[in-house]
Amino acid sequence: MKGATLMEYPHIDRYAEMDSPIHSLDHRMKLVAFIILIFSFVFLPRLNLALIALFASLMILVISGLPKKFVLHRVKWAVLILLPLFFILPFTVEGRGIFGGGYFTVSYEGIYLASLIMLRAIAAVTLVVIMLATASFDTTIKALYSLKVPSTIVQILMFTYRYIFVITDEFQRMWKAIRSKGFRPSTGKYALSITGNLIGMLLVKSYDRAERVYQAMIAKGYTGKPCTIVEFHMKAKDYLVGIIIISVAIMLHIYHLVL
């Protein structure tokens with residue numbers, strides 16, 4: 001039945017099979033270089049450097065060949081989360097007033113800081129999306145394991161990604177069931193009680209499912225080590241691109257010292 005069809009979720013690795021210079025990089029080097037560049041972007045101290053970082057991330061996006069709509073759809077959530085900063089920081093950060101007066105003075109430093117945070121976030125999140133979207137999730141997990149990331153962390157990431165959609169589908173089924181029985185969400189005591197019970201049942205079902213999945217995997221010989229057919233082979237171009245990306249990350253922080 002059409003009504004029983006589950007929601008189709010936009011997986012982050014939908015375009016992992018594309019062919020581009022970013023896709024073809026060894027994923028271990030890509031993870032290392034991109035993570036260093038992301039942290040470099042996050043800690044940039046000046047607005048002009050943040051603009052350079054944003055331009056660099058957009059250039060990498062163009063090179064990757066990923067659909068712009070696909071990336072922007074994910075970046076927009078970071079923008080929406082940080083947008084309130086433009087309504088808070090200009091009034092709370094002390095500095096040179098642009099207009100207003102008293103408690104409602106808009107400071108130049110507040111606008112500057114909000115803009116700096118926003119640009120750094122957009123540049124960093126764009127890189128995160130590119131990094132994850134240019135390889136399958138299994139490849140990312142195996143690359144993390146190859147880089148000696150603690151096995152516990154790798155397994156948490158793997159199971160979180162694999163089962164977040166299952167839990168979401170479970171919640172949607174339960175939500176449709178109570179809505180079909182006449183429940184309407186509100187702030188009343190009864191509605192809040194029903195919602196709390198729904199969340200509690202979801203947690204119990206998730207725990208039971210996790211136990212069944214764990215027992216099934218143990219029965220099939222699971223040892224905690226990710227197994228895929230992907231084999232990593234570092235080439236000269238991988239080292240070269242990695243060195244270039246890491247050099248850009250470093251230069252963004254030291255160029256003004258050299259000058």
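Below, all heavy atoms of this structure are taken into account, side chains as well, without hydrogens, waters or symmetry copies. We number each residue from 1, following the sequence as shown.
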K30 (side chain) donor-acceptor with I22 (main chain) under 3.5 angstrom: yes
Separation between CZ of F41 and NE2 of H253, rounded to the nearest 0.5 Å: 9.0 Å
Distance (rounded to the nearest 0.5 Å) between I245 CD1 and I38 CD1: 10.5 Å
With D26 via side-chain hydrogen bond (donor to acceptor under 3.5 Å, both in side chains) - residues at least two apart: R28
Heavy-atom check, side chain of M18 versus side chain of S64, under 4.5 Å: no
Close side-chain approach of I35 to L127, heavy-atom, < 4.5 Å: no
Over 12 non-hydrogen atoms of neighbours within 6.0 angstrom of CZ in F39: no
Spacing of I130 atom CD1 and L66 atom CG [to the nearest 0.5 Å]: 6.5 Å
NZ (K235) with more than 12 external heavy atoms under 6.0 Å: no
Contact check, side chains of L25 and P21, non-hydrogen atoms, under 4.5 Å: no
Heavy-atom neighbours of M234 CE exceed 12 at 6.0 Å: yes
Contacts of S57 that satisfy side-chain hydrogen bond (donor to acceptor under 3.5 Å, both in side chains) - sequence neighbours left out: none
Heavy-atom side-chain contact between I111 and S107 under 4.5 Å: no
Pairwise side-chain contact, V204 with M201, heavy-atom cut-off 4.5 Å (strictly under): no
E94, CD: over 12 other non-hydrogen atoms inside 6.0 angstrom: no
Donor-acceptor pair, side chain of Y112 and main chain of L47, under 3.5 angstrom: yes
For S146, side-chain hydrogen bond (donor to acceptor under 3.5 Å, both in side chains) partners two or more places apart: none
F55, CZ: over 12 other non-hydrogen atoms inside 6.0 angstrom: no
Gap between atom OG of S136 and atom NE2 of H23 - 0.5 Å precision: 10.5 Å
Whether S40 side chain and I36 backbone form a donor-acceptor pair below 3.5 Å: no
Minimum heavy-atom distance Y145-V154, with the two atoms named: N-CG2, 4.3 Å
Pairs satisfying side chain to side chain donor-acceptor pair (under 3.5 Å), at least one member in residues 77-93, at least two apart: none
Exceeds 12 heavy-atom contacts within 6.0 angstrom, atom CG of D208: yes
Distance in Å, T168 OG1 paired with R173 CZ, rounded so as to fall on 0.5 Å steps: 10.5 Å
Heavy-atom closest pair, residues S180 and A177: OG-O, 2.6 Å
Min side-chain heavy-atom separation M131-L31 under 4.5 Å: yes
Value rounded to 0.5 Å, distance of CD1 in I117 from CD1 in I122: 12.0 Å
Side-chain touch M118/L85, heavy atoms, less than 4.5 angstrom: no
Main-chain N/O of A50 paired to R120 side chain as donor or acceptor, under 3.5 Å: no
Can you give each donor-acceptor pair under 3.5 Å made by side-chain atoms of residues 188-200, sequence neighbours left out, with the distance rounded to 0.1 Å?
from	atom 1	to	atom 2	distance (Å)
T195	OG1	A191	O	2.9
N197	ND2	S193	O	3.3

Atom NZ of K148: over 12 foreign heavy atoms under 6.0 Å: no
Minimum-distance pair of heavy atoms, taken over all atoms of R179 and P185: NH1-CD, 4.0 Å
All side chain to side chain contact (heavy atoms under 4.5 Å, CB included) counterparts of V129, not counting sequence neighbours: I12, F70, V71, R74, V125
For N48 against R46, the heavy-atom pair lying closest together: OD1-CB, 3.1 Å
Validation row: I60, L37 side chains within 4.5 angstrom (heavy atoms): yes
